[in-house]
Every structure is written in structure tokens, then in C-alpha cells.
Asks: 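Below: one structure in C-alpha cells.
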Amino acid sequence: MRSRELPPDTVLAWFDVHARDLPWRDPDTSAWGVLVSEIMLQQTPVSRVEPVWLNWMARWPRPSDLAAETQGEVVRAWGKLGYPRRALRLHAAATEIAERHDDVVPSDVDVLLALPGIGAYTARAVAAFAYGQRTPVVDTNVRRVVARAVHGAADAGPPSTTRDLADVAVLLPTTESRAARYSAALMELGAIVCTARSPRCADCPVLSDCAWQRAGRPAYSGPAKPVQRFAGTDRQVRGLLLDVVRGSDRPVERHRLDLVWADAGQRDRCLDSLLVDGLMEQTDEGLFALPGER
DNA sequence: CAGCCGTGGGC
DNA sequence: TGCCCAAGGCT
């Protein structure tokens with residue numbers, strides 16, 4: 001099955017010319033490097049990931065290198081990428097890969113899915129981009145591109161993994177290597193042309209085939225998307241607390257943490273949740289440190 | 001499955 | 001400014 005709106009030849013030719021030169025796209029990048037990039041890129045812009053990824057790969061070129069590190073060092077190297085539990089999960093995944101997969105990142109989607117921090121998107125991204133497999137890779141960019149070009153809608157509706165995967169599966173070219181590259185191309189199209197706000201339709205390779213364009217670019221009519229607050233949430237407070245500990249080379253006193261947020265109840269709750277998550281530990285003297293750095 | 005989990009940049 | 005958005009995953 002071929003898509004009239006997203007023809008592989010057109011999309012691939014565009015990608016050949018316009019693909020960004022990202023370090024994890026270097027042909028020499030290992031499957032481990034691809035996996036690390038995909039975890040870091042979850043909900044995080046490319047520009048912030050690049051320097052951290054370069055440092056990370058120079059320091060821990062194999063899963064076993066990361067597995068040998070303390071959790072605290074890993075959380076510290078994660079820096080301010082956000083969602084630091086990803087760092088712990090990546091460390092746990094590296095440990096499993098080192099111990100149970102002979103230090104080789106699995107290529108099978110179902111095996112990848114069993115690793116911590118790897119879900120429907122990341123498993124298929126690794127299978128496609130590290131191992132060249134033909135499998136639908138569906139992220140927010142792809143969902144938007146398909147919603148517009150194929151379905152004629154301004155944006156994708158609520159995500160449904162099963163439906164989204166089937167939706168994209170029928171678009172993939174038959175040839176394995178072309179399919180993998182096509183997946184990367186759809187993501188790139190969504191990232192730099194078919195963007196969420198003010199899409200650059202004039203630069204789009206499939207403008208003349210686009211169903212949304214054909215329909216006169218109607219406004220989004222689906223259900224309202226839930227807006228994520230941040231200011232004042234536990235997420236913000238956790239971030240502030242962890243930042244204090246992450247920025248210190250020795251365990252910090254409770255008083256230092258009390259300074260970052262006035263509401264003692266919320267502060268205590270967040271501190272406790274950080275301890276429960278394993279992002280922090282308390283020393284015998286009652287000081288706070290990154291895990292494994294007591 | 002809806003809500004939660006960081007952070008910063010653009011408009 | 002406040003809001004939206006950024007290569008999601010987990011419970």
C-alpha cells in the first residue's frame with residue numbers, strides 16, 4: 001500500500017537534502033548511542049540534548065561503562081535535561097543490557113520493550129534507526145504529519161498506540177532500509193517543516209498532495225488537549241530540590257533545601273517522593289545526597 | 001487511561 | 001506575561 005499524500009520517493013528525496021546533521025545520525029554511531037539519544041530526546045528539544053549526548057558517549061561508550069557508574073553520577077551527568085528519572089531508567093537498562101544481553105543493545109522490539117524507560121516509540125526507533133528494521137516509528141511529529149497530510153486535520157487527536165502504529169504501518173515502503181529512512185524522514189518533516197505552530201507549508205515537499213491543504217487548512221476540531229501546568233506544581237518543587245543536591249559535591253543539609261520553597265507541606269512531600277524514586281538518598285547524619293554518593 | 005514526571009525557549 | 005511546545009513512559 002502506498003500513500004498518495006506521503007509518497008516515499010518524494011519524502012526520501014527531501015530528506016536526502018534537508019536532514020539535519022545530528023551527531024547520533026552519524027553512520028558510525030552505535031546502537032547504544034542511538035538508544036541514549038532516543039531516551040534523552042523524550043520530550044526534550046534537540047538543541048539541549050546535543051552537548052549532553054556528546055559528553056555522555058565520550059564518557060560511557062558502552063552500556064557496561066554506564067552500568068559501572070553510580071546512579072548519582074548518572075543523574076549529575078544528566079544535568080538539566082529534565083525528567084531525571086529517565087537517567088535512572090537508562091542506567092537500569094544499561095545494567096540489564098550488560099548483564100543479560102552481552103553488552104549488546106537488543107534489536108528485537110519486544111525485547112527492547114521489556115527494558116526500563118523504553119516504550120512503544122523508543123523501542124521502534126532503536127529497531128529502525130540502529131538496526132534498519134521496517135517498523136512504524138510514531139512520535140508526536142509523525143502523528144501530526146499524518147493527521148495533516150493524510151487525514152486533512154490540523155492536528156492529531158488523542159494518542160492511541162495501537163491505532164497510531166497501524167496508521168503509519170500502511171505508509172511504510174516495502175524495502176526494509178527505505179522504510180527505516182522513511183520513518184526518520186517523517187519525523188524530520190514534522191520537526192522542521194510541518195511544525196505545531198506556524199508550519200512552513202511553502203517549504204513542504206508534499207504540499208501539492210496534502211489533504212489538509214486540499215481541505216483549505218481547517219482549524220483543529222478534535223477534543224481539547226489537556227494543558228500541563230508547571231508553576232507551583234510538585235514537578236517544579238522537585239526540580240528545585242534536586243537542583244540543589246545535584247549542584248553540590250557533598251551531601252547538603254536540610255536547611256539548604258528548605259530555602260527553595262516556602263510551603264513546608266509541599267516541600268516535604270516532594271522531598272519524600274524524590275527519596276522514594278531513588279533520585280536522592282539521606283545519609284546517616286540526615287544529610288541529602290545523590291544516590292550512591294553518601 | 002488520565003494524570004503525573006523537568007526544563008527552557010519562543011511568541 | 002503566560003501559554004504552548006519539545007524524538008514519551010509509567011502507573
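Because the structure is predicted, anything quoted here is derived from the model rather than measured. Within every chain, numbering begins at 1; the chains are lettered A, B, ... in the order of the sequence lines, protein sequences first and strands thereafter.
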Asks: Measure CG/A:Leu41 against C1'/C:dG9 and give the value in whole Å, please.
Replies: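 Result: 15 Å.
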Asks: Looking at A:Arg144, I'd like to know whether one of its side-chain N or O atoms comes within less than 4.0 Å of OP1 or OP2 on C:dA6.
Replies: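 It does, given that an N or O in the side chain of A:Arg144 lies less than 4.0 Å from OP1 or OP2 of C:dA6.
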Asks: Under 3.5 Å, side chain of A:Arg267 to main-chain N/O of A:Asp258, donor-acceptor pair present?
Replies: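 Yes, because the side chain of A:Arg267 sits within donor-acceptor range (under 3.5 Å) of the backbone of A:Asp258.
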Asks: Please confirm whether the shortest side-chain N or O distance from A:Arg229 to OP1 or OP2 of C:dC3 is below 4.0 Å.
Replies: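 Indeed, a polar side-chain atom of A:Arg229 lies that close.
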Asks: For B:dT7, does the base pair up with any side-chain atom of A:Arg48 as donor and acceptor (N or O, under 3.5 Å, distance only)?
Replies: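 Yes.
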Asks: Consider the side chain of A:Met187, meaning its heavy atoms from C-beta on, and name the nucleotide among B:dC4, C:dA7, B:dT7 that approaches it most closely.
Replies: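 Of the options given, the side chain of A:Met187 lies nearest C:dA7.
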Asks: Starting at atom CD1 of A:Ile39, determine the distance to atom C1' of B:dG6, rounded to an integer number of angstrom.
Replies: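 Value for this atom pair: 16 Å.
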Asks: Could you walk me through whether A:Asp65 and A:Arg59 pass the salt bridge (Lys or Arg N to Asp or Glu O under 4.0 Å) check?
Replies: CA-CA 8 Å; A:Asp65 298 319; A:Arg59 190 167 173 188; over 6 Å; no
Asks: Can a side chain N or O of A:Lys80 be found less than 4.0 Å away from OP1 or OP2 on B:dG8?
Replies: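 For B:dG8, OP1/OP2 do have a side-chain N/O of A:Lys80 under 4.0 Å.
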Asks: Identify whether any heavy atom of A:Trp24 sits under 4.0 Å from a base atom; if not, whether one sits that close to sugar-phosphate; answer base, sugar-phosphate or nothing.
Replies: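 Here A:Trp24 touches the bases of the nucleic acid.
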Asks: I want to confirm an ordering. Mapping A:Asp243 and A:Arg197 to their closest nucleotides on DNA chain B, which one lands closer to the 5' end?
Replies: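 The residue whose closest nucleotide sits nearer the 5' end is A:Asp243.
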Asks: Is it the case that A:Asp167 and A:His151 place a side-chain donor and acceptor less than 3.5 Å from each other?
Replies: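 Side chains of A:Asp167 and A:His151: pair found under 3.5 Å.
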Asks: Please pick, from C:dG8, C:dA7, B:dG6, the nucleotide with the shortest atom-to-atom distance to any side-chain atom of A:Thr44.
Replies: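 The closest nucleotide is B:dG6.
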Asks: Just checking, any donor-acceptor pair under 3.5 angstrom between side chains of A:Thr44 and A:Arg86?
Replies: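 The criterion, which ignores hydrogens and geometry beyond distance, is satisfied for A:Arg86 and A:Thr44.
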Asks: Counting only side-chain N and O atoms of A:Gln42, is one of them less than 4.0 Å from OP1 or OP2 of C:dG8?
Replies: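 Checking C:dG8 against A:Gln42, no side-chain N or O comes under 4.0 Å of OP1 or OP2.
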Asks: Taking the side chain of A:Thr122 as heavy atoms from C-beta outward, which of C:dG9, C:dA6, B:dC5 is closest to it?
Replies: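 The answer is C:dG9, which lies nearest to the side chain.
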Asks: If I take atom CD in residue A:Glu50 and atom C1' in nucleotide C:dA6, what distance separates them, rounded to the nearest angstrom?
Replies: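 Computing the A:Glu50:CD to C:dA6:C1' distance gives 15 Å.
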Asks: When you look at A:Gln42 and A:Tyr121, which way does the side chain to side chain donor-acceptor pair (under 3.5 Å) test go after all the steps?
Replies: CA-CA 9 Å; A:Gln42 291 168 4; A:Tyr121 163 75; over 6 Å; no
Asks: Quick check on B:dG6: is either OP1 or OP2 less than 4.0 Å from any side-chain nitrogen or oxygen of A:Arg86?
Replies: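 Answer no for this pair, as no side-chain N or O of A:Arg86 is under 4.0 Å from OP1 or OP2.
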Asks: Picking from B:dC5, C:dC4, C:dA6, which would you name as closest to the side chain of A:Val227?
Replies: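 For A:Val227, the side-chain atoms sit closest to C:dC4.
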Asks: Nearest of C:dA7, C:dA6, C:dG9 to any side-chain atom of A:Arg85?
Replies: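 It is C:dG9.
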Asks: Please work out if A:Arg246 contacts a base, only the sugar-phosphate, or nothing of the nucleic acid, heavy-atom cut-off 4.0 Å.
Replies: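 Answer is sugar-phosphate: A:Arg246 comes under 4.0 Å of backbone atoms only.
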